[in-house]
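This is a predicted model, so every value here is computed, not measured. Quick note on labels: first sequence line is chain A, next is B, and so on, each numbered from 1. FYI, side chains are in, hydrogens and waters are out, and symmetry mates aren't considered; it's all heavy atoms of this structure.
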Amino acid sequence: MNTEWTLINPQGVVGVEPVELAPCIETLERKTVLLRWNGKPNGEIFLNRIAELLSEKVPTAKVIKLYEEDPLTAQSGRRVEIAAAEMSRLATEYHPDIVIAAQAD
Amino acid sequence: MYQLELEKRGIPTVTIVTSDFIGLAEAIMRGSGTEGMSFVVVPHPIGGKSEEGVLAKVDAAFPEILRKATEWKPKRKLPTSEPPYPAERFKFSGNVEEVNKLFFERGYSLGLPLIPPTPESVKSMLKGTKHSPDEVLWAIPPRKGVLTVELVATHAVMAGCKPEYIPLLLAIVEAMKDPKFDWATQTVTTNPTFPLFIVNGPIVNELGIGYAEGAAGGWYHPNVSIGYFVNLIGGIVGGSKPPSPGKSTLGQPGNIVAMVIGENIYAVPSWEPLNVERGYSSETNTVTAIAVEGISNINIAAPRTAKGILDVVAIEMATIGRNNVVMWRGRPGEDAVLLLSPQNAEVIANEGWSKKDVKQYLFEHANIPYEKWWTNVREVYHKDPWYARFGPGDIVPILESPDDLIVAVAGGAGCHNQYLSGFLTDGVVTKPIG
């Protein structure tokens, strides 16, 4: 037998305001490209190859491997908010024009 | 999360994500307001592949990486303006089974039966608290769904809780949202972590929370319904659902019904209960929340002395497949939980040992040879100061201090104890129950 229900949606509204994303750059020529690794296996191999390819294809770009400059930035497992704020502070110290990051597994 | 911090600082990013993690990446972006961030997808996985295999993936993806670095123009969305209270009401015609089917199809259910949340049942549930239903408690990650007191009551109805459980549910929410508990990471990790809640104080008996035989195995209404409530709000309001953004490789039952137990304070009355250890009086109702990886049963089959029992425990703690043994050592916070059976706890206490003595002994004796430990330590940690101080021939401690271990007595008759290694949050959180 059917019942006529009035039910409450248990999901809740999403309470997120959009963040203004950084403006894109139009070229990598003479730009500082910072490579960031999250510490997951083989991520550094991936990023090292990107560094090689950038030096071939965009030789005027300056490539910085953050994970070699500061290995602690590559450690996964730290509380996300603390690590994120700390890592972004370090990243701005190198004045990158763009960051290329290898994420997840 | 890291890249969004950079975007906020005016630095554009390109994130490389493997195909199995696109859903998680998109969920994190939605939950952080950074929809539109640039990312490049490569076939999963990168980890575990040969170097040649990884290089081939980079070479194939590189043109796209270059393009995204210089040509990406994100589409922007307008902010939401929906108020969180009252929650949406909707009509449905059908029986209870069909309500459950509808809820599951809409993502309002984890798949277990639930009680349909009607306005009348939620109003009745709200009699368990003096908090106003429109009070906003938490935006639960990764989805950042806004949890109000009304929604707590809604999920309490769904889980089959009673109104008198609401104060404990609210304290659990406070514990879960504590930055130390790091629920955000727990919801998106590949680790099968689940929360353990240990309740102390007179509320254990008042609500009938199980602390003795089978307390973690069902049949105790508050333990089961409250554990179910935890994963309902995490999965439905927080949106932590597999395959994305919930990425637990396999998961475990604690991801459906969290582990909720009382501490068995009657087995060894001379030992300080957990609420006292955590700075409260024994009469203060508290809930202690820990993110744990799983349960190791420790059957004390032979030893009849305190040292004999704890030597077996120490051996069990010293395995290399656990986060708290190989991952990011040297950070603050409690690492693990030992739930001693009353029978074994009595043997230990009768020899004059306190909980503090137990922790000290395990700190000194739970260790692992460097050569064995190093086989599962990721290269990224090799230059970390905490790791770099050990070398061949050394013994590596499992705990960084005696206080890294939570010890409590739980369960009934028998010699089975449970060791639960910690996931990797910043420690244990204890909240009073108001």
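When side chains are defined from C-beta on, A:L7 counts as touching B:T118, because their heavy atoms get closer than 4.5 Å. Contact annotation: the side chain of A:I100 never approaches that of B:T13 to less than 4.5 Å [non-hydrogen atoms, C-beta and beyond]. Between A:K40 and B:R378 the shortest side-chain heavy-atom distance falls below 4.5 Å. Counting only heavy atoms from C-beta outward, the side chains of B:F90 and A:I8 never approach each other to under 4.5 Å. Contact annotation: the side chain of B:P116 approaches that of A:W5 to within less than 4.5 Å [non-hydrogen atoms, C-beta and beyond]. Between B:M158 and A:P10, some side-chain heavy-atom pair lies under the 4.5 Å cut-off. Taking 4.5 Å as the limit, some side-chain heavy atom of B:L66 sits within range of a side-chain heavy atom of A:L54.
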- Yes or no on side chain to side chain contact (heavy atoms under 4.5 Å, CB included) for A:F46 and B:L55, after CA distance, side-chain angles and deciding distance? CA-CA 6 Å; A:F46 197 103; B:L55 295 178; over 6 Å; no

- Message: Test side chain to side chain contact (heavy atoms under 4.5 Å, CB included) on B:D59 and A:R49; report intermediate values, then the result.
- Response: CA-CA 8 Å; B:D59 290 355; A:R49 179 59 178 158; 2.8 Å; yes

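Looking at B:V146, the atoms closer than 4.5 Å to chain A (heavy atoms on both sides) sit in the backbone and in the side chain alike. Contacts between B:V42 and chain A at a heavy-atom distance below 4.5 Å involve the side chain alone, from C-beta outward. The part of B:F103 that comes within reach of chain A is its side chain, from C-beta onward, which places non-hydrogen atoms under 4.5 angstrom from that chain. For chain A, the nearby part of B:I65 is the side chain; its heavy atoms alone come within less than 4.5 Å. Both the backbone and the side chain of B:R89 come within less than 4.5 Å of a heavy atom in chain A. Within the 4.5 angstrom heavy-atom criterion, only side-chain atoms of B:V99, from C-beta onward, approach chain A. Neither the backbone nor the side chain of A:N48 comes within contact range of chain B; no heavy atoms are under 4.5 Å apart. In this structure, the portions of A:T6 lying under 4.5 Å from any heavy atom of chain B include both its backbone and its side chain. Using a 4.5 Å cut-off between heavy atoms, A:K57 contacts chain B through its side chain alone, with no backbone atom that close.
Among B:K247, B:H382, B:K91, the residue with the largest count of heavy-atom pairs under 4.5 Å with chain A is B:K91. Taking B:P119, B:P84, B:G10 one by one and counting their heavy-atom pairs under 4.5 Å with chain A, the maximum is reached by B:P119. Note: B:I236 leads B:V136, B:I236, B:N323 in heavy-atom pairs under 4.5 Å with chain A. Of the listed residues (A:T27, A:I45, A:L53, A:I50), the greatest number of heavy-atom pairs within a distance under 4.5 Å of chain B belongs to A:L53.
Enclosure of atom CD in B:E71 by more than 12 non-hydrogen atoms of other residues, nucleotides or ligands within 6.0 angstrom is indicated. Annotation for A:K31: atom NZ counts as buried by contact number, over 12 foreign heavy atoms lying within 6.0 Å. For B:E97, the CD atom counts as loosely surrounded, since its 6.0 Å shell holds 12 or fewer non-hydrogen atoms of other residues, nucleotides or ligands.
One finds the CD atom of A:Q11 at 13.0 Å from the CG atom of B:L147 (value rounded to the nearest 0.5 Å). Separating the CD1 atom in A:I25 from the CD1 atom in B:I11 is a distance of 11.0 Å, to the nearest 0.5 Å. A:L47 CG to B:I16 CD1: the interatomic distance, rounded to the nearest 0.5 Å, is 6.0 Å. Note: A:E44 CD to B:I46 CD1 = 11.0 Å, rounded to the nearest 0.5 Å. Separating the NZ atom in B:K383 from the OH atom in A:Y67 is a distance of 11.5 Å, to the nearest 0.5 Å. The CZ atom of B:F92 lies 8.0 Å from the CG atom of A:N2; values are rounded to the nearest 0.5 Å.
Judged by distance alone, with hydrogens and angles left aside, the side-chain atoms of A:N42 form a donor-acceptor pair with the main-chain N or O of B:K49 at under 3.5 Å. The backbone N or O of A:L21 lies less than 3.5 Å from no partner atom in the side chain of B:E7, so there is not a single donor-acceptor pair.
Closest non-hydrogen pair, A:A22 versus B:P12, comes out as CB-N, 3.4 Å.
Using a 3.5 Å distance cut-off with no hydrogens or angles, the side chains of A:E26 and B:T70 do not pair a donor with an acceptor.
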